[in-house]
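When reading the values below, keep in mind they use all heavy atoms of this one structure, side chains included, and skip hydrogens, waters and symmetry mates. Order of the sequence lines fixes the chain letters, A, B, ..., with proteins taken first and strands second; residue numbering starts at 1 for each chain.
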Amino acid sequence: MIESIFSSHIQSKSIFKGDRDILRPSYIPEELPHREEYIDSLASIMVTALRGDRPSNVLIFGKTGTGKTAVVRYLEREVERLKKENNSELDPNFDDYNVHRVEYVYINCEVVDTHYGVMKNIGNKFIHNWSEQIPFTGWPMEKVYDALKERIDEEPRVVVIILDELDKLISKSGDAVLYHLSKINSELKQSKVSLIGISNSLKFTEFLDPRVKSRLGEEKMIFPPYNADQLKDILGERVKRAFESDTIMDEDVISLCSALAAQEHGDARRALDLLRISTEIAERERKSQVTTNHVYKAKNKIEQDCVREAVMTLPTHSKLVMYSILLSSKNGNEKLTTGEVYAGYEELCGKSGLDSLTQRRIADLISELDMLGLIHARVKSFGRRGRTREIQASVPRLETIRSIEEDDSIVPVNELRSVIQTQTRLM
DNA sequence: CGTCCACAGGAATCCCTGGGTT
DNA sequence: AACCCAGGGATTCCTGTGGACG
């Protein structure tokens, strides 16, 4: 046995039963508790594909962690499974020919969020060798679209395109993609395309061209949030698989994870994260039992990590804007205006030797920070004294300042002159 | 009741990047 | 080499506006 800094850690036995991915939200289990009816109704729509026809387009709505993606991918996996088996021998009603003609394409529109990108990604699913790749930039849109059609139509098939986080795509690049994809069937000779759109918000269809809207929403499903009891079942199911024995888990741990996640609009993802992180914390503390105490620690850790992660990945100028906001509130100005933030930002740019961006641009960056949940910014009118945003940080100040100062291109600053000046002017 | 502040936020345009085609 | 194409970031110019002050 090699003596190293790892030795003592390796020897401490893991609470997990090997595969800790079971507790990750991306894992799709054999059973999806409390989603059976949705699986069933989606299956009844999708079964058309197995007969070689085009299933209706489907729109699925529901908040994060309500099982939308899991249900869709569950069915995708079932079809893949059918493809591997020889079904017609078992059941003469089964038509293996059509089963093998079904292709799924999954696209997460949060990652691929442009007209071009979506088309390129779909097109590249149907290639035989590397050289046929559609490049990630360069071609005119028209050519990408033609290549896509040609490839799909190469042999008869039913293509099911899943567009996850569809609302992100619409808000960033409009409905051109959906317009093209939803009318593609009229231009295909032997293949058929069916769309499954997954969205967090119910409202996004308002921005769609009415024709697209009607073609896309042939079928609609709405996934409600899980309640605490349902979350308990989901966690229980996974715990059975992920742990050596249930004695390792304190009775109340699952209940607590469920309850906390139920408060957050019934987010199963959150519940699973809580459970996984609290187990990891317990492991690190060399405890053989996970307790509610660990869950509270996990809750804290998740919140901190989210903020840190969000701040660290910000572009430099956004970091400076955030820095300006944090430093200004340190000087006692709890609620800032856009002008004040911009003044602070300009000063920080000077100190770091960077060219400052225009106020118009910074206004947009402020909106982005607001959407990320790092700050609260709401427009308010101060009468004669103008109409502006009222800006306030909504994250722990000192910790976040520390995260920002880790960026080498930003010069650490203790206080901002411009804000002190505004303060004295107001007095 | 009108003025007028300090911006909000839309639209057009430009620059740049990473690629293609002629 | 010269030029087309999509997309992102940024700038420029712009019109719009809630409400305290006079």
Side-chain angles (χ1 to χ4, degrees), chain A residues 107-124 127 130-151 163 165-166 168-181 206-207 313-322 324-325 328 333-350 352-372 375-392 407 409-410 418-419 421-423 425-426:
Chain A
I107 291 182
N108 187 333
C109 302
E110 197 171 13
V111 186
V112 184
D113 57 3
T114 62
H115 189 183
Y116 188 98
V118 170
M119 294 297 190
K120 184 210 80 173
N121 267 278
I122 300 170
N124 282 345
I127 54 172
W130 195 247
S131 60
E132 291 173 24
Q133 281 268 340
I134 299 173
F136 70 90
T137 175
W139 284 12
M141 233 11 265
E142 198 62 20
K143 184 170 174 181
V144 178
Y145 186 54
D146 287 342
L148 170 68
K149 273 189 299 190
E150 192 181 312
R151 287 167 191 202
L163 297 169
E165 318 260 351
L166 185 53
K168 301 267 164 47
L169 175 67
I170 305 304
S171 61
K172 282 194 185 170
S173 38
D175 59 3
V177 189
L178 292 180
Y179 179 77
H180 278 117
L181 285 179
E206 289 171 14
F207 308 111
T313 53
L314 246 32
T316 311
H317 287 279
S318 298
K319 277 187 191 164
L320 285 173
V321 173
M322 193 68 209
S324 164
I325 294 167
S328 304
N333 260 12
E334 277 305 326
K335 290 178 178 173
L336 291 306
T337 67
T338 304
E340 286 164 338
V341 171
Y342 186 66
Y345 158 80
E346 274 191 307
E347 193 185 330
L348 289 168
C349 276
S352 297
L354 293 161
D355 291 337
S356 55
L357 305 176
T358 48
Q359 182 158 335
R360 179 66 187 85
R361 181 67 188 132
I362 296 308
D364 281 344
L365 294 187
I366 290 173
S367 312
E368 281 174 30
L369 291 175
D370 184 33
M371 278 191 286
L372 283 171
I375 60 174
H376 288 302
R378 56 194 193 94
V379 289
K380 197 182 170 186
S381 181
F382 295 90
R384 242 298 135 91
R385 301 191 40 232
R387 187 165 167 271
T388 177
R389 278 203 193 90
E390 202 178 53
I391 300 159
Q392 206 177 4
D407 189 319
S409 55
I410 291 171
S418 53
V419 173
Q421 279 171 351
T422 4
Q423 262 188 314
R425 199 189 60 212
L426 290 174

OP1 or OP2 of B/dA8 under 4.0 Å from side-chain N/O of A/Thr338
yes
Looking only at the side chains, is there a donor atom on one of A/Asn124 and A/Gln133 sitting less than 3.5 Å from an acceptor on the other?
yes
note: A/Asp113, atom CG; C/dG7, atom C1'; distance rounded to Å ~ 10 Å
How does protein reach along nucleotides 11-22 of chain C, written 5' to 3' as B (base within reach of a heavy atom under 4.0 Å), S (only sugar-phosphate), or - (no contact)?
SB---BBBBBB-
Run the side chain to side chain contact (heavy atoms under 4.5 Å, CB included) check on A/Arg361 and A/Asp364 step by step: do they pass?
CA-CA 5 Å; A/Arg361 181 67 188 132; A/Asp364 281 344; 3.7 Å; yes
Can you tell me how far P of B/dG9 sits from CD of A/Glu368, to the nearest Å?
13 Å
For A/Ser173, answer base if it contacts any base atom (sugar-phosphate contacts may also be present), sugar-phosphate if it contacts only those atoms, and nothing otherwise; contact means non-hydrogen atoms under 4.0 Å.
nothing
Would one find a side-chain N or O of A/Thr114 under 4.0 angstrom from OP1 or OP2 of C/dG7?
yes
Measure across A/Tyr116 and A/Trp139 and return the closest heavy-atom pair with its distance rounded to 0.1 Å.
CE1-O, 3.1 Å
How long is the line joining CD1 of A/Ile366 and C1' of B/dA6, in whole Å?
13 Å
Is there a side chain to side chain contact (heavy atoms under 4.5 Å, CB included) between A/Lys168 and A/Asn108 once you walk through the steps?
CA-CA 9 Å; A/Lys168 301 267 164 47; A/Asn108 187 333; over 6 Å; no
Could you check how far OH of A/Tyr342 sits from P of C/dA10, rounded to whole Å?
12 Å
Taking every non-hydrogen atom, the tightest pair across A/Val379 and A/Arg389
CG1-CG, 3.9 Å
How bent is the helix from B/dC1-C/dG22 to B/dT22-C/dA1, measuring the angle between the end axes built from five pairs each, rounded to 10°?
30°
Specify the separation, in whole Å, of atom CD of A/Gln133 and atom P of B/dG20.
11 Å
About how many Å separate NZ of A/Lys335 and CD of A/Gln392, when rounded to the nearest 0.5 Å?
5.5 Å
Starting at CD of A/Glu142 and ending at P of C/dA6, how long is that distance when rounded to a whole Å?
10 Å
Heavy-atom closest pair (A/Ile107 atom, A/Asn121 atom, distance to 0.1 Å) is CD1-CB, 3.8 Å
To the nearest angstrom, the NE2-P distance between A/His115 and C/dG7 comes to 7 Å
Given atom CD1 of A/Ile391 and atom C1' of B/dA8, what is their separation to the nearest angstrom?
12 Å
Between A/Lys143 and B/dT21, is there a contact of a side-chain N or O with OP1 or OP2 at under 4.0 Å?
yes
Find which nucleotide of DNA chain B each of A/Pro140 and A/Thr137 is nearest to by heavy atoms, and output the residue with the more 5' nucleotide.
A/Thr137
Going through the checks in order, is the salt bridge (Lys or Arg N to Asp or Glu O under 4.0 Å) test met by A/Asp146 and A/Lys149?
CA-CA 5 Å; A/Asp146 287 342; A/Lys149 273 189 299 190; 3.7 Å; yes
Taking all non-hydrogen atoms of both residues into account, name the closest pair between A/Leu336 and A/Ile325 and its distance.
CD2-O, 4.1 Å
